[in-house]
Every structure is written in C-alpha cells, then in structure tokens.
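For reference, the structure discussed in these notes is given below.
Proteins get letters first, then strands, A, B, ... in listed order; numbering begins at 1 in each. Side chains are part of it too, since the values below use all heavy atoms of this structure and drop only hydrogens, waters and symmetry mates.
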Protein chains: 2
Amino acid sequence: MGKIICKQCDFKSAAARTLSEMELDGLESGCAKTNFKPGEIIIKQNALSTNVAYLKSGLAKVHFSDPMKERIMRIVKAPTYVGLPSNFGNKVNQFSVTALENCSVCFLDLAAFKKFIFENGDFAYNIILEMSKNELKNFHNCLNNSQKQTTGRIADAVLFFYKEIYERPAFTLPISRHDLGNLAGTTRENASRVLTQLHNEGIIRISGKKVAILNEKLLQQISEKG
Amino acid sequence: MGKIICKQCDFKSAAARTLSEMELDGLESGCAKTNFKPGEIIIKQNALSTNVAYLKSGLAKVHFSDPMKERIMRIVKAPTYVGLPSNFGNKVNQFSVTALENCSVCFLDLAAFKKFIFENGDFAYNIILEMSKNELKNFHNCLNNSQKQTTGRIADAVLFFYKEIYERPAFTLPISRHDLGNLAGTTRENASRVLTQLHNEGIIRISGKKVAILNEKLLQQISEKG
DNA sequence: TGCTTATTGTGATATTTATCACAGGCATAA
DNA sequence: TTATGCCTGTGATAAATATCACAATAAGCA
C-alpha cells in the first residue's frame, strides 16, 4: 500500500477541498488508509468511534447488527463519510458498516477533524451540508418504508440501485435476496417473489443477481403507488 | 408581544450560548419571535425554508403531509431547532411542523446563522452536535418502527411520552388516537385496541387522553420484545 | 339549546405478510 | 468425486394488520 498523500488525493470530500495545504498536511499525519474486501467489516457496531471514516471508493452496507434483529439501513457509495453522527453524537458506533465491493477507506483522527471544524468555517459548513443531505435521505427512506407495501419497497430498492448506485438500467445486485429483503423490510421469500412477479410482468428482467430495467416508468409507478 | 432581546434570553441553545454579545446583537436584528396555538402550522412543507426555526417553548409534531399519505415522524419538545436539515440540505421544507401546545418560536435569519457557522467554530461544532444527536434519534426511531409489531410500537410511544416528553408517569396525551396510531405506524383502531389491552392487563391506566403508567418494567419489556 | 363534526371503542371480515416446508442450484473444500 | 453450506424459488398455511361497519360519546359552534 502506497504512502498516503492527502494533498494529492483525487477523492477529496467537499469539506476537505476547503482545507489549506498546511491543514491537509495535518490531516495526513493522522490518517490511515485501509482496503476492505467484500464482506469485511469497516465499522463495527458498539466499538468506540474514535475515527472519522471516509469511504473513498467502493460500496458498503450500513446495518444495525443485533443478534436477533439484523437490519440493513441503507447502501452507501463512495465518496462519502460514514458514521459522522456516531462520531459526534455518541462515543460508540450505532451501527456496523460492511464492504460489498472492494472498498478503500481513510480513517481520520477525530481530534484533527474537530479542530478543522473549530478553525475552518468553510470546512464546518460543508460537513453540516453533507450531514443535512444524509439526514433528509434517511428521512425519506424511513417514510417510504413505513408507507409502502412490500411490492413498492422492492421496486424502490431496485430503482435505488439503478438511479443512485449504478446509474444504468442493467446491473448486478451486490446483495443476496436475503439482504435485499432485509433492506426493504421484508423476508427473502417475499423479496424473491416480488422480483419474479416484476419479471413475469415484463417490468424487469431477472437472472440470478443480474437485473435489467425494462419498463422504468411502470416500475416508478409501482414504487410510488404501493 | 415584548421586544426580543436574544442577549437576555433564558432559552438559548447550546450553540447560541457560544456567541459573543456582539454576535447576539446580530442574531437579534434578524430574529422574529412568534407564538403558535395548538393546531397552528409552524413550518409548512414545501414552503421555502428561508429561516432557521428555534422552538423556544412548547410541544410540536413533525409530520410529512402529503394529501394521501400523512405521517407523523416524531414529536419534538422545546428547546430545539426544527428543520435544520431542510435549511441546509434543501431549499424547501421537507416536512411540516404543527404546534400541539402553545409554542414560542424564534425564526432566525438563515444568512446570519450561516455567518456564525463560518466565523464561530464553537457555534458550528454545537450545531453539528445537535444534528448528530437528532440523526441518531431518528435512526433508532426508524429501526424500532420497522422491527416491532403494533403492540410494541404503541408501548414505545407511551414510554416516549413518559420519559422524553413529560418525565412523569401520569400525563395527558397531546394527540388523538388517530395521531397516536399514525405516529406508531398503525391505524386509530389498532392504537385504541392496544391501549385498552394494556389497560386491561393493568400495565397502564387509560381514561380518555389521560394516561398513567402502572407497570413500567412490563411496559418496557413489551416495547422491547414485540 | 340543538346541530354538526370529530373522536373513540369494538366486533367482523378481508388483505397483507411472515412462517414453514421442501427441493433444486451452485460454490467450496475435503 | 462427495459432502457441506449457502442461496434461491415456490407453494401452503398461519399470523398480523388494515378495513369496514356501527354505535356512543365528546367537543365545537351558531
């Protein structure tokens, strides 16, 4: 693994782009870059959140992992910070984050990060911006899950992978049926059933984990109506 | 309504307490204090969010108000900011906020608020702290609602009013059965049924909107298990 | 006061969803 | 190869929940 040079990093967050060369040197000294393979745990629930995690590249799932009630909250795609609310709102991580693809993550020193907030208003503002947008996403996500029924939520998830993650109408699901069901708040059986149903209606084409959106408009309608 | 003097305000937020006298003068010049009666709309969904709202006193409900899918997201109690994520993450309010009791709200100039974030790191940090805590609350809230069944969610709501809002075991519900159901993600009928069931089991005492917690431990168990 | 409207409780029924059961597919490792 | 452990699809059934229907009460208001 090569030396980390934050100054020359091409994946800087909006906040980090406001930092001066000197500040970036400071960031670098407390920064550890780590790579993760699919299935590896990036952030472990209930561990002390002493570092800010910045997902530089890759795809990961954010999930609440209690023995009895595992639940995938959302899928996150680089570049993004993960777990900022835990960093600031609590001493321990409120959830786990697990890699779905190869991920490259920078763990930043929390104290240095706080220092930037105190000393660089532009940096602080950009963090507030990112947190605000994330919260609104969660808000709508939560709303959707509580108001739609299973078919609509699975349609939602498929559209999410299409629009937010892969940005093209044909892709390979990065998760199993079990996890897809969990993400949509249902069981693997129902997730599977809904996918075949949408397939049979010609709205999507499913082959294993490969998905192709055939009738986006209709899928959108299903997502919205129920 | 008397003159607003932010400097002498006894209800300052943690963030506002970091401001200097001069800064408080600046806050004051762009501040409008308004009182609301129960049922009055404090923040209107889809309106431009040009002001930061600070709930100085009172109780309010945060709800998504689409014609077809009304949903109460949470109940907020002063003192707290409401709608910060909309202020920063979007130009329009993503939800409505409606007073449940008499509420006193300060509407602050967004530009001045942003200026403090840029110029006063302590202020910015406190805002990040409040946003982080709120997000974690929402996170757990969302998780609960998706994993418990109706009885547990209603028990949850009752405990919420007890612990977070009134802080005593006997209180008067500030909302109708319809709204209680909506808050807990169910119908008014089921909300009503669960309350009578808990009443018959001697766990709570219900009389109209008056609630008394008789067996907190058991209620807690119901909230956790189901 | 009487009228109108909102709120509430409760039973019966329909709908939705989870659970259970089972079989085939597919990968990995002994 | 066989054995093992996931993952998957699908039907049958059970459980949870929403919807509908109706009555009673409470609250607002002219």
Steps toward side chain to side chain donor-acceptor pair (under 3.5 Å) verdict (A/Thr80, A/Glu130): CA-CA 9 Å; A/Thr80 181; A/Glu130 168 146 354; 3.2 Å; yes
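For A/Tyr81 and A/Phe113, the ring centers sit closer than 6.0 Å to each other.
The aromatic rings of A/Phe139 and B/Phe95 lie tilted to each other, with the angle between the two planes from 30° to 60°. Ring orientation note: the planes of B/Phe171 and B/Phe161 are tilted relative to one another, at an angle of 30° to 60°.
Comparing atom distances between the A/Gln149 side chain and each of C/dT19, C/dA18, C/dT16 picks out C/dT16 as nearest. In the set C/dG9, C/dT19, C/dA18, C/dT19 carries the atom at the smallest distance from any side-chain atom of A/Arg193.
Judged by distance alone, the side chains of A/Glu101 and A/Ser57 never bring a donor and an acceptor atom under 3.5 Å apart. Looking only at atom types and distance, the side chain of B/Glu135 has no donor-acceptor partner in the side chain of A/Asn134 under 3.5 Å away.
Inter-axis angle, ends of the helix from C/dT1-D/dA30 to C/dA30-D/dT1, five pairs per end, rounded to 10 degrees: 40°.
With rounding to whole Å, B/Arg177 atom CZ is found 13 Å from C/dT10 atom C1'. A/Arg188 places its CZ atom 15 Å from the P atom of C/dA23, with the value rounded to the nearest Å. If you take NE2 of A/His178 and P of C/dT19, they are 11 Å apart, rounded to a whole angstrom. Rounded to a whole Å, the CD1 atom of B/Ile206 is 17 Å from the P atom of C/dT7. Remark: C1' of C/dT8 and CG of B/Asp179 are 14 Å apart, rounded to the nearest angstrom. The nearest whole Å value for the distance from the CD atom in B/Glu189 to the C1' atom in C/dA12 is 13 Å. Distance A/Asn145 CG to C/dT17 C1': 15 Å, rounded to the nearest Å. C/dA18 atom P lies 18 Å from atom NZ of B/Lys148, rounded to whole Å.
No engagement by A/Gly181 is indicated, since no non-hydrogen atom pair under 4.0 Å with the nucleic acid exists. Residue contacts shown for B/Thr150 are limited to sugar-phosphate atoms, with no base heavy atom under 4.0 Å away.
Of the charged side-chain nitrogens involved, at least one lies within less than 4.0 Å of a carboxylate oxygen, so that A/Glu167 and A/Lys77 count as a salt-bridged pair. Salt bridge status for B/Glu224 with A/Lys69: absent, with no side-chain N to carboxylate O gap under 4.0 Å.
First and last contacts of DNA chain D with chain B, using any nucleotide atom under 4.0 Å from a protein heavy atom and ordered 5' to 3', fall at D/dA16 to D/dA21.
Put simply, B/Ser192 has no side-chain N or O that comes within less than 4.0 Å of OP1 or OP2 on C/dT8.
Applying the salt bridge (charged side-chain N to carboxylate O under 4.0 Å, His left out) rule to B/Asp179 yields the partners B/Lys61; only residues at least two apart in sequence or on another chain are considered.
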